[in-house]
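Working notes, beginning with the structure itself.
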Amino acid sequence: MAADPILALSNVTKRFGGLTVSDQVSFAVPRGARMALIGPNGAGKTTLFNLMSGVYPLDGGEIVLDGARIDTLPSRKRIAMGLSRSFQNIRLMPHLSVVENVMLGQHAQASGIGDLLTPISWMRGGRWRRLAVERLEAAGIAVHPDADVASLPYGVRKKIEVVRALMSKPRLLMLDEPAAGLNPRETAELSAFLKDVAATGVTLLVVEHDMSFVHDLCEHTVVLNFGKLIYEGPTRAVQDDEAVREAYLGSRRVETAGGSHAA
Amino acid sequence: MLLEVEGLDVRYGRTHAVRGVSLSVGQDEVVTVLGANGAGKTSLLRALQGMVPAAGGQIRFDGVDITRMSPPQRLQRHLALVPEGRQIMISLSVHENLLMGAYCRHDGGVARDVDGIYDRFPNLAARRHMPASVLSGGEQQMLAISRALLAKPRLMMLDEPSLGLSPLLVERLFGLLGSLRDEGLAILLVEQNTQMALEVASRGLVMELGSVVLQGPADDLRHNDRLAAAYLGHAAPAATPAAPLSSPPATPPSSNGRA
Amino acid sequence: MSDAVSLGKPKPALSKGVLIALACIAAAGLAMLLGGRVITQQIISGLMLGSIYMTVAVAFTLTIGVLNFLNFTIPTLFMLTGMVAWGLLARGYLAGFGGWAWLLALLAGIAVSILASLVVERFTFRYLKTRHGDATEHAIPLVSSLGFLLIFEHLVLIALGSEAQRFPVPFKADLYLGGLVIGLPQLASLALALGIVAGLTYVLKQTRMGRALRTIAESPDTASLLGVEVARIVPIVFILTGLLSGVAAALFTVNYGDVSPFMGEHIGTKAIAAMVLGGLGSVWGAVAGGLIVGLAETLSIHFLGGDSVQMVVWGMLLLVIILRPQGLFGASSIGKGKM
Amino acid sequence: MSGYATGIVAILCINLIFAYAIFVTAAAGQLNLGGAGFQAIGAYTAAWLSSNAGQPVVVTIPLAMVTTALIGFLISFPVLRTRGVYMVLATFAFGQFVSGFLLRSPTFGGAIGMVVSDYVGIGLLIAAAIITTALVFFLMASRLGLAIRSIHDDEPVSTIMGVNVRAVQVTTFTIGGALAGLSGALYAHHFSFVEAQYFNSLLSIYVLLFVLIGGTQTAWGPLVGSLFFTLLPEVLRVGGSWRYVVFGVAIVAMMVLRPQGIVTRELVSRLSPRNWFGSRPAPAARMADGG
């Protein structure tokens, strides 16, 4: 698609038991793009995210981030390469405070034993905390930095997770259903916030079911169904694509006659 | 009406997953609940079976208020749920899984009914003494449905039964649901395969963000553009609901501040 | 609790019991041929001791297998049975029952053990609600059970003193077989212990309640969906735990004639070793583990001296954990992954 | 200080260091029920070096720490293959094995125990306890401490955030080993006598209770836990065995009412000087529509 993609997947394949959850998936994310990855429930979107962030090893194919092959790297090294992600169900650390959760996102930025052993909230490390607080404020999260994350509203936690993912200075930010569970106002705010993020040069790849959010945020879309790529192109044309419509709404054929058709 | 739900609310902490949903299912009727992921369909079913408490509203089954009953109590009143992801017990054999389906029954007909299941599903019969973990996805779904059938349900609720099945198996699954319907079983079906679900159902409801936004006869819903919009967004020219469709039921003002 | 994939009808539980009994006899016979009388006597004593460990190990296995709960009150339930039985006799409460007093005392001890186990259930499991699913949360009921360990042990110390006591066993019937001494109570306890375990396996495999327990072990949520009143079934696990610990203590008391407020600690830790050796969550693994630990104990006393037992048993266990974490007979590990 | 008070303070210092040893691993989500084994190795190493090799305290204590740190490092590899209840059992087996080994070993006096030549006074114990406490506080405030706490909460996400989970876990076992060795060496030198029976499973259980009841979220937990556990029995002294019953009831009640331990991160931040002025962490209800 693009001459200089930030991320390129070629023939990415993954099987669980007999089920092929990612079947020869190839696509590229153009540098600086805001791209959506959509598909019906169970299409393999989260699996693809897990493959890209290294939760599972690939059964075939390769993943190239900014010219470097990453699918053989351990999961923890990919964040330092510029790939950062959020999670479908909020995965904030329940016993860390808001600012500590955000500071965890800086972990990959720390270098050497000296950084590891510097207190992160006082002395020389105070800058880590100041930076995290600044980012929280810049994202419009008006909660006390030492508040307990468990007590915060869903929308706020969702946003904190995005800020945490941003703290690693990613080149590619992958968000797994960032708008799920948000009310329309929060969704609009999130969309505006992500556009600002993208304007700073961060490429976005977003899994999302809320299509109005996708239409608002993403100019490009890829669609998965049964682990296969079925559409790649502009978002505005996605609902006119016959294959996509069928993937979402099902085929129109059905046998309604009685009798047992069971497996 | 067999199942009557009025103004049902479900909350997880501060998340309002189901907002004032009202619906009903008749004695021998198939009703389907449609909507994109995260619309609150699974939460609705879990609340109907009692796996999560209702934060508000009332559920009546066969004329009895079951809103505060535990899942086993609801099962004993013959309301059964086939959960999302099938939830087969992989350390139990196929046969034992079926017997667990009849756990709440105390009549003597279990053995006969299990044999009936084996007649219906020869694949399960052939694997009856194997651990359920060796079954394929389609067979597991058959086992999950059979397990629910052995509770002798009057209403069976299914949560995305076609998830993860190949198109051929999906077709067989809906064939089975069609024949169960023809045998007189009432079904409340949550599905993502919209067209198939609307073929087998007589009525449908569409949920968005926890509320029912559209409902009507299946035939009318099938050709409604608003339905496609619920899945694929509103960038397409917005269509006003077709004439025969009712607007969503008035929601209690306390539960829904959303436009 | 699950067996390997088998295509035919599952073999009845009893056959495994018969198999183990035959293996025991074969081991004794082989030892007789190769090592002579003294070793054989040690092996027989080891198997008898092993039957006690085995019964307690099965109690541990049950709570871990069904509830994923390492119940540290089991050793105290064991002690409670012995001490309560002794206390009833020593205070003369059962004087009116003549020759049967000792039996009644032991039965009362078992009843107390079951009641105590139900008290534990009330305050450990009833309150456990998984909040965040983090790494140390499974320790909450474990810590509570350690609290109960202190409570029960010291209540007994207050009520009955800290001395070891003789429990009067009214009979002494030894069987002489080719120069070997086999205590009849010992033989009876091996048979009884194997019988109880076989019965338990039958219950787990073949009955409605057993299926419900195994379903809870896999997913309490789905169990509830299938109509299992989980809150009513969980106490059954604790009743069985109390029963098994109590029966083991009664057998121990009759065989060795000693009770003390600290009798549970030795037996309890050895039973834990037996359970891990056999494999967590596997009832027959616990049986085999119990017998192996019993044998290892008597043989290491014989060959290496009394103070070597702890090192041998736990060294063996440490090796098993390092080389084969699922235990000798266990299936894959218990507990669910998160991602 | 009276002899009685000195004895209590000495035990408190040793318990505190010991509790921090177990805490460091527990903070990363790894429960060690073999603490007594590590402490015993430290105590016996110091005792042997002092009595049999005639080494001074400046040699015995560091060497005891190095030995237990090394053992902690080595044992962490097999132990970290296990998780949950299995890890509790594996470490328990280790502790039992060590005390069994010492009981059996003639080099270390077997069941009779060993007399330790050099005596260490209460002053050094107090100093060691203070230094250990400061170091653990520092560790928990560092980026490594943040990584430790995040592993406790969610291992897979920590990995994706770039934390080398395995390396951190091995590090905590090594640090824990060193601290347990320190507490053992101080025990040996202060009480001038070691015996295998002292380092039994009950000791491992007690020290884990200090940590879990105190709370594993902040470095305050073991401090509060060991103060509570060491002083409560003394306060209840009059009651004889009853005090242990009360103690047990307190444990059970704690787990029912406050299973996360006495001290939580949230409590510490509420009491923190940073929040004495200006806004405290606001109750979430006010921000229901925030963000």
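On a predicted model such as this, the values are computed, not experimentally measured, just so you know. The chains referred to below are lettered A, B, ... by the order of the sequence lines, with proteins before strands, and numbering in each begins at 1.
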Assess the residue pair D:Arg265 and A:Asp148 against the criterion (salt bridge (charged side-chain N to carboxylate O under 4.0 Å, His left out)); give the C-alpha distance rounded to whole Å, side-chain angles, the decisive distance to 0.1 Å, and a yes or no. CA-CA 8 Å; D:Arg265 186 210 62 78; A:Asp148 234 22; 2.7 Å; yes
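For A:Ser168, no part lies under 4.5 angstrom from a heavy atom of chain D. Proximity to chain D (any heavy atom under 4.5 Å) is shown, for A:Gln109, by neither the backbone nor the side chain.
Counting heavy-atom pairs closer than 4.5 Å to chain A, the top residue among D:Leu144, D:Leu146, D:Leu139 is D:Leu146.
Of all heavy-atom pairs between D:Phe138 and A:Leu117, the closest is CE2-O, 3.2 Å.
The closest side-chain heavy-atom distance from A:Glu161 to D:Val157 is not below 4.5 Å. Counting only heavy atoms from C-beta outward, the side chains of D:Pro156 and A:Val55 never approach each other to under 4.5 Å.
Atoms CG and CZ, on A:Asp115 and D:Arg143 in that order, are 7.5 Å from each other to the nearest 0.5 Å. How far CE of D:Met161 is from OG of A:Ser84: 5.5 Å, rounded to the nearest 0.5 Å.
Within residues 74-81 of chain A, the residues approaching chain D closer than 4.5 Å by heavy atoms are, in numerical order, A:Ser75, A:Arg76, A:Ile79.
When each of A:Met93, A:His107, A:His95 is tested with D:Ser150 by the rule side-chain contact (heavy atoms from CB on, under 4.5 Å), just one qualifies, namely A:Met93.
D:Phe229 pairs by the ring-ring contact (aromatic ring centres under 6.0 Å, His included) definition with D:Phe210, D:Phe247, not counting sequence neighbours.
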